[in-house]
Amino acid sequence: MSLETELIRQRLEKARQIEGLGFRPYGQRFDATHLIPDIVAAYSAKTAEELDTPRVQVKAAGRIMTMRRMGKAGFAHLQQNGSRLQIYVRKDSIDEAGWKLYELLDIGDIIGFEGYVFRTRAGELSIHVERIYFLSKILLPMPEKFHGLEDVETRYRQRYLDLTVSPQSRAAFITRAKVVSSFRRQLEERGFVEVETPMMQPLYGGAAARPFVTHHNTLDIDLFLRIAPELYLKRLVVGGLERVYEINRNFRNEGVSTRHNPEFTMLEFYQAYADYQVLMDFSCELLKQVAIDAIGTTIASYDGHQIDFGHIRRYTIREAVVEFWDGDGRPSMDNVADPEWLGRHSHKPTAGEQLLEIFERAAEAKLIQPTIIHQYPVETSPLSKNSLDDPAFVDRFEIYAAGMEIGNAYTELNDPQEQRRRFEMQLAMIEKGDDEAHQMDEDYVRALCYGLPPTGGEGIGIDRVAMILTGCTSIRDVILFPLLRPEGPIGIAEQLRAFDA
RNA sequence: GGGCCGGUAGCUCAGUGGUAGAGCAUCUGACUUUUAAUCAGAGGGUCGCGGGUUCGAGCCCCGCCCGGCUCACCA
C-alpha cells in the first residue's frame, strides 16, 4: 500500500473513531464569538495579568497548522483568514470525549474551540481550551510546515493548498481584490455604471488578437470568446449610458508567458463628452488611489525597482523613441518623423507601423516608472479619433509600468464614415495576411450612425496592475487558476472507492 | 514554436555508473506552558513515462509527458 493510501486509511479510521466519540467528522454550522485575526488583534498587546483579570472567553474555529503534543497536554496553531493563534489543550481542562478527540486530531483538521485567552510562559498569546468541536477531517497530508509548498506547478494546480500554506500567496490575492474594489469604488463615485456585455460574440473586435472559437449547438453557430468588450460598451454610450464600465475577462488565443494568460481581466470604461486628455489626468488619479488602497502607498516594490504611481510622466511616442534610444545612432525628433529613417529601422509596411515597432523595441522595456505614451499612428488604432493637427496620428495613449503595457486609452472615433473607412483599411490588412486585423462590424457602424457623443475610453489590465502592486513577476501568481495543461490521472477517486464500505 | 533548467517518499531536498537517503509529516512509546518542542523506535519509493547502452542505470544516450525561465507573438 502506498503511503498516501495508508494515510487515507488511517485518517478514515480516525474519522470513524471521532464519530464514535459523538462528533461528526464533517461537522455542522459553527457559531463563533470571534475570528482568529480579531482575537490576535484585540489581545496581542495585553499583558498576562491583564488577560487574567477578568478572563476573556472566546469561541472560534480554524485549521490546525502545527501541533506539539506533550503527553497529557499539548499546543497547536490554528489558522483562520491567514492569521494564526495558539491553543493549549490539557487533559484536566476538558471532558474525556474532548481529550480523546484531541488525541485523534491531525494537522490540517478544521476544528472549533472554546476557552479563555492567556499568555504562555514563553509569552505567546494563546487560548486555554475548555471545549473542542470537530468541523472537518483532512484525509491527505498537508505540505511541510517549514518550507511550505515550493513546487510552482502544485501551487497553481492545487491553489487551495498554496493559499493554506503560503501567506505571501494569500496576501497577493487579497491585494488583487483590493485593486479591483478600488477601481470599482472610484468609478462608482464618479457616476460610472457597471455593465456586463457579451463574452460570446458572433463577431469579435475591439483589439488586435486571435480569438477562441466555440459553438452553440441549438443555434448551430460559431461564436468567438471576446477579445475585448469595447464595441459593445460604446454601443451603450450611443444608447445614453454616458459613463459605463466593465471589469471582466477577455480571451486571446495567443502565447502564454509570465505576462500573458489566455484569459485575463480587463477594466474598460467610457466617458461621454471626455477625450483622451481628460482620461490621462483621470488615469493618474485612478492608479495613484488604487496603489494607496491596495498597498497603502503609491510606491510598489517590483523586481528590484521602486515603482511610484504618485507621478506619471508623459511622452509622445516619437519623444519616447528619442529619449529611450540605447547605444549608437540615437535619432533626432526629425528622424522619427521621417518616413525614410523609419523605413530603414523597421520592415513593417507603413510608416505608422514602423514607428510603433521601433518604439516597442527601443523604449517599452525601459518604461519601468509609470509612463504615459501618446500620439499613436492611425494604422495601428482603427477605433481612435484622428488628431486635429496631424491626421496620420490619433488621440491615443498607453500607460506603461514595469516595462509592461498596463493601459490603453483614446478619444473614440465617432464618425461612422471614417469608422467604415478604418474597417475597410483593416480588411485590406487581412487580405495581406494579417490575421489579427479588425473585422468589419456593421452593427457597430450602424450604432455610430445614430450618433456616439464625443467620448473617451480606456482599458486597464487588472492582472498587470496587480502584478506590480504585489511584486509578482509572473502573471500566474496573481491569477488564482492560471491555464495549465491537464495533469493526467489523479487517482484519488479510486483510492477513496477502495475504502467505501 | 525555439533555447536553457527542472521532475527522487505526502512535503522540502541530497544522491556524477555498483545494496535508493535525510529532515518534516505518518505510526508506536515517554513527556501537563510547547513553539522548526524534545527523546527512543518503526513503516513508507513504478527515482515523470517509454525505449536504448552497460555485467550493472536515479545517474549515460534517444523519444515523449508535465512545469519553470527566456526569445518570438501579444495586453
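Predicted model only: the values in this text are computed from it and were never measured. Chain A is the first sequence line, chain B the second, and so forth, proteins listed ahead of strands; every chain is numbered from 1.
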**OP:** Report the distance from atom CZ of A:Arg361 to atom P of B:rC73, rounded to the nearest whole Å.
**Re:** 10 Å

Original post:
In Watson-Crick or G-U wobble terms, both distances under 3.5 Å, what is the partner of B:rU38?
Top reply: B:rA30

Subject >> Touch class at under 4.0 angstrom, heavy-atom based, for A:Gly148 against every strand present >> reply: sugar-phosphate

**OP:** Would you indicate what A:Ala207 reaches in the nucleic acid, counting non-hydrogen atoms under 4.0 angstrom: base, sugar-phosphate, or nothing?
**Re:** nothing

Original post:
Mind checking who B:rG63 pairs with, Watson-Crick or G-U wobble, both distances under 3.5 Å?
Top reply: B:rC49

**OP:** Answer with base, sugar-phosphate or nothing: what part of the nucleic acid does A:Arg69 contact at a heavy-atom distance below 4.0 Å?
**Re:** base

Original post:
Does the side chain of A:Arg476 get closer than 4.0 angstrom to OP1 or OP2 of B:rG68 through an N or O atom?
Top reply: yes

**OP:** Name the nucleic acid region contacted by A:Ala209, choosing base, sugar-phosphate or nothing; use a 4.0 angstrom heavy-atom cut-off, strictly under.
**Re:** nothing

**OP:** Compare the minimum distances between each of B:rA75, B:rA25, B:rU12 and the side chain of A:Ile475, then state the nucleotide with the smallest one.
**Re:** B:rA75

Original post:
Between A:Asn261 (CG) and B:rA75 (P), how many Å, whole number?
Top reply: 15 Å

Original post:
With nearest nucleotides of RNA chain B determined for A:Glu487 and A:Phe118 from heavy-atom distances, which residue corresponds to the more 5′ nucleotide?
Top reply: A:Phe118

**OP:** Could you give the distance separating B:rA42 and B:rG23 at their P atoms, to the nearest angstrom?
**Re:** 12 Å

**OP:** Identify the nucleotide, in any strand shown, that forms a Watson-Crick or G-U wobble pair with B:rA25, with both distances under 3.5 Å; if there is none, say none.
**Re:** none

Original post:
Would you say the side-chain atoms of A:Tyr444 and A:Lys234 include a donor-acceptor pair closer than 3.5 Å?
Top reply: yes

Original post:
When you match A:His128 and A:Asn408 each to their closest nucleotide on RNA chain B, which lands nearer the 5' end?
Top reply: A:His128

Original post:
Atom CE of A:Met142 and atom P of B:rU26: how far apart are they, to the nearest Å?
Top reply: 11 Å

Original post:
At under 4.0 Å between heavy atoms, what does A:Lys145 touch on the DNA or RNA strands: base, sugar-phosphate, or nothing?
Top reply: sugar-phosphate

**OP:** Tell which nucleotide pairs with B:rG18, taking only Watson-Crick or G-U wobble pairs whose two distances are both under 3.5 angstrom.
**Re:** B:rC55

Subject >> Selected nucleotide, minimal atom distance to A:Arg90 side chain, candidates B:rA36, B:rG68, B:rU33 >> reply: B:rU33

Original post:
Does any nucleotide pair with B:rC73 by Watson-Crick or G-U wobble geometry, both distances under 3.5 Å, and what is it?
Top reply: none

Original post:
Where the side chain of A:Glu144 is concerned, which of B:rC11, B:rA75, B:rU35 is the nearest nucleotide?
Top reply: B:rC11

Subject >> Proximal nucleotide (of B:rC73, B:rC31, B:rU26) relative to the A:Glu436 side chain >> reply: B:rC73

Original post:
Side chains of A:Thr197 and A:Arg226: is there a donor and an acceptor less than 3.5 Å apart?
Top reply: yes

**OP:** Taking atom P in both B:rU35 and B:rC69, compute the distance separating them and give it to the nearest angstrom.
**Re:** 39 Å

Subject >> Among B:rU32, B:rU35, B:rC69, the one nearest A:Met70 by side-chain distance >> reply: B:rU32

Original post:
Within 45 degrees of the axis of the six-membered ring of A:Phe499 and under 6.0 Å from its centre: does A:Arg11 put its NZ or CZ there?
Top reply: no

**OP:** Name the orientation class of the two ring planes belonging to A:Tyr43 and A:His34 (parallel below 30°, tilted from 30 to 60°, perpendicular beyond 60°).
**Re:** tilted

Original post:
To the nearest Å, how far apart are A:Phe146 CZ and B:rU35 P?
Top reply: 14 Å

**OP:** Only one of A:Phe269, A:Tyr245, A:Tyr270 passes ring-ring contact (aromatic ring centres under 6.0 Å, His included) with A:Phe282; say which it is.
**Re:** A:Phe269

**OP:** Identify whether a stacking contact exists between A:Phe75 and B:rA37, where the ring centres must be under 5.5 Å apart and the planes under 30° apart.
**Re:** no

Original post:
Checking only heavy atoms, does the side chain of A:Thr66 share a donor-acceptor pair with the base of B:rU35 at less than 3.5 Å?
Top reply: no

Original post:
Where the side chain of A:Arg68 is concerned, which of B:rC66, B:rU26, B:rU35 is the nearest nucleotide?
Top reply: B:rU35

Original post:
Within the structure, does a side-chain N or O atom of A:Lys14 lie under 4.0 Å from either OP1 or OP2 of B:rC27?
Top reply: yes

Original post:
Rounding to the closest angstrom, what is the interatomic distance between B:rU8 and B:rC59 at atom P?
Top reply: 14 Å

**OP:** Classify the side chain of A:Glu150 and the base of B:rU12 as holding, or not holding, a donor-acceptor pair under 3.5 Å.
**Re:** no

**OP:** Could you grab the distance from atom CD1 of A:Ile468 to atom CG of A:Asp303, nearest 0.5 Å is fine?
**Re:** 11.0 Å

**OP:** Starting at atom CG of A:Asp106, determine the distance to atom C1' of B:rC27, rounded to an integer number of angstrom.
**Re:** 11 Å

Original post:
Closest to the A:Thr120 side chain: B:rA72, B:rU12, B:rU35?
Top reply: B:rU35

Original post:
Side-chain N or O of A:Thr258 less than 4.0 angstrom from OP1 or OP2 on B:rU70?
Top reply: yes

**OP:** Could you measure between the two C1' atoms, the one in B:rU12 and the one in B:rG52, and give it in whole Å?
**Re:** 33 Å

Original post:
When you measure from the side chain of A:Pro143, which nucleotide among B:rC11, B:rU26, B:rA37 comes out closest?
Top reply: B:rC11

Original post:
Looking at B:rU26, does its base get a donor-acceptor pair with the side chain of A:Glu6 below 3.5 Å?
Top reply: no

Original post:
Roughly how many Å is it from CZ in A:Arg485 to P in B:rC65, rounded to a whole number?
Top reply: 8 Å

Original post:
Should A:Ser474 be listed as having a side-chain N or O under 4.0 Å from OP1 or OP2 of B:rC69?
Top reply: yes

**OP:** Provide, to the nearest angstrom, the distance between the CG atom belonging to A:Leu149 and the C1' atom belonging to B:rG67.
**Re:** 13 Å

Original post:
Any donor-acceptor pair under 3.5 Å linking the side chain of A:Ser83 with the backbone of A:Asn81?
Top reply: no

Original post:
How is A:Gln10 classified with respect to the nucleic acid when contacts are heavy atoms under 4.0 Å: base, sugar-phosphate, or nothing?
Top reply: sugar-phosphate

**OP:** Answer with base, sugar-phosphate or nothing: what part of the nucleic acid does A:Arg11 contact at a heavy-atom distance below 4.0 Å?
**Re:** sugar-phosphate

Subject >> Donor-acceptor side-chain pairing of A:Thr120 and A:Gln86 below 3.5 angstrom >> reply: no

Subject >> Atom pair distance, as rounded to whole Å: CD in A:Glu103 and P in B:rU32 >> reply: 12 Å

Subject >> A:Tyr156 versus A:Asp477, side-chain donor and acceptor atoms under 3.5 Å >> reply: yes

**OP:** May I ask you to verify whether the side chain of A:Arg121 and the base of B:rU33 hold a donor-acceptor pair under 3.5 Å?
**Re:** no

